[in-house]
2 protein chains.
Amino acid sequence: MARRTKQEADETREALLNAAERVFLKRGVARASLDEVARVAGCTRGAVHWHFGDKLGLFLALDERLFLFQDELRQALMADGECMKLSRFAEVILVCIARLEHDEGRRRLLTVMWQRCEYVDEMAPALERRRRADVAISDVFRQCFEQAMERGELAPYWQPSQAALFLHALMVGFLTEWLRSDAAFSLSDQVRGGLKMFFSCLSGIPPSNAQPTVFATA
Amino acid sequence: MARRTKQEADETREALLNAAERVFLKRGVARASLDEVARVAGCTRGAVHWHFGDKLGLFLALDERLFLFQDELRQALMADGECMKLSRFAEVILVCIARLEHDEGRRRLLTVMWQRCEYVDEMAPALERRRRADVAISDVFRQCFEQAMERGELAPYWQPSQAALFLHALMVGFLTEWLRSDAAFSLSDQVRGGLKMFFSCLSGIPPSNAQPTVFATA
DNA sequence: TTATATACATACCGCCACGTATATATTCAA
DNA sequence: TTGAATATATACGTGGCGGTATGTATATAA
């Protein structure tokens, strides 16, 4: 019941975060009790308060996980300040989406943060993170589209910034519907189809249904 | 303190709903107290319990308002089972969006239902309404695109159902970003631009920037 | 006019969950 | 070996909030 080894303590911490993920998902962040979180993790509220201070601390620690995922996408899209070609760009997004779809933990986490949390008062710091992550992703999108425009990959009537906002809204929309439907449809399929249409519009080249690869290599 | 007239009772009811709208927005549905709602409305919890039974009843009554708004859009899009041309279609959506943007009450309501509520356990009925409304809207979209396809207004590579899901995701995404940003940008402008690109892609006709009206009359 | 239903206000009760304080058992460093 | 820091469990106090029960004044119908 007391400090075993440092590693075991870390395992307790992880167990608590995993438990919080599930309990927040089931009860909602506001209605979830720390006691239930602790019991699901196989310990008591003492451990929660030791590791996270209070409920907000626990929530923010959990939120950190989502932040890491988002950053992962951002880095994948812009490995070294250099943007990839549009065709490759779409593929990277799809890989991230597919990973999300097949990782129950990520889905739980995203559901908690998007659908089971009332961003108000003390939750404000998390909302700020969300906003910054949104801006960061949109910025990466925009930079990629700007470089694509310079390379002549963009149909002339598209503005890079507008394309970025458009794409971002599209992704947020698909994700929101997917989470709301309780993953009732194949997210990958939806997004694949959506991206296909979007990118072909972007490039001004009609999509080729015959082609085996997902995107025309514009 | 007691039954004045029937009309005054209805006014109390409306005042309570308006208060709930604001208090739920500020505190989140779960953390909001009925006492604060009542005080904001200028009465006590007695009135709340009389009119709505309990907290869930109050919430569902408020939710009804949003449902009405959504139905308004649905009816506007398909007045008499007949769908309009795509160009007009986009305009109707924009009118609804503009109305939402300039109606603080509607924005509050939508924010509460989309960003200040944890849909869990007893909130399930509201989530069901949300899902049904989503399906209903998507269905209207799909029907319109089907008829558009029959009229030859759709580029051949678009499937009506896919176009409907695409459009729906796009709208949900724009709205979500707008609400999350606390209405920091012009929703109408964003959506106008987005719809313009989307519908020109749909019809396979590049958008004409020179034209004064928003959409090419395809 | 009076009884009854209505439209609230007030009072009371009970729970629950959070935070804190404290106890306790290990580990680790000296 | 021992003290201090660590990693929990347990115990305690308490504030808030929701539901219900009840009080009460007014409208309305008979």
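All chains are named by letter (A, B, ...) in the order of the sequence lines, taking the proteins before the strands, and each is independently numbered beginning at 1. Computed from heavy atoms alone, side chains included, the values below leave out hydrogens, waters and symmetry copies.
B:Glu122 has its CD atom 14 Å from the C1' atom of D:dG19, to the nearest Å. Spacing between atom CG of B:Leu56 and atom P of D:dC17 amounts to 18 Å, rounded to whole angstrom units. Distance CZ (B:Arg39) to P (C:dC8): 18 Å, rounded to an integer number of Å. Distance B:Asp10 CG to C:dC8 C1': 14 Å, rounded to the nearest Å. Atom-to-atom, CD of B:Glu14 to P of C:dC8 comes out at 13 Å; the value is rounded to the nearest Å. Residue B:His49 contributes atom NE2, which lies 18 Å from atom P of D:dG23 at whole-angstrom precision. Note: NZ (A:Lys55) to C1' (C:dC16) measures 12 Å, nearest angstrom. One can place CG of A:Asp35 at 11 Å from P of D:dA9, the figure rounded to the nearest angstrom.
In this model, the phosphate group of D:dT8 is not approached by any side-chain N or O of A:Trp50 to a distance below 4.0 Å at OP1 or OP2. Side-chain nitrogen and oxygen atoms of B:His51 include at least one within less than 4.0 Å of the OP1 or OP2 phosphate oxygen of C:dC8. Within the structure, every side-chain polar atom (N or O) of A:Ser33 is placed at least 4.0 Å from both OP1 and OP2 of C:dC16. Of the side-chain N and O atoms in A:Thr12, none sit less than 4.0 angstrom from OP1 or OP2 of D:dA7.
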Assess the residue pair A:Arg88 and A:Glu91 against the criterion (salt bridge (Lys or Arg N to Asp or Glu O under 4.0 Å)); give the C-alpha distance rounded to whole Å, side-chain angles, the decisive distance to 0.1 Å, and a yes or no. CA-CA 5 Å; A:Arg88 175 96 185 97; A:Glu91 280 170 27; 3.6 Å; yes

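More than 12 heavy atoms of other shown residues, nucleotides or ligands fall within 6.0 angstrom of atom CD in B:Glu101.
Here the side chain of A:Thr44 is nearest to one of C:dA11, C:dA7, D:dT10, namely D:dT10. Checked against C:dA7, D:dG19, D:dT8, the side chain of B:Leu34 finds its nearest nucleotide in D:dG19.
Between B:Phe174 and A:Phe166, the ring planes lie perpendicular to each other; the angle is over 60°, past the 30° to 60° tilted range.
You'll find the ring centres of A:Phe89 and A:Phe141 inside the 6.0 Å limit. Between B:Trp158 and B:Phe198, a ring centre-to-centre spacing shorter than 6.0 Å is recorded.
Residue B:Ala32 is classed as a sugar-phosphate contact, given heavy-atom separations below 4.0 Å to backbone atoms only.
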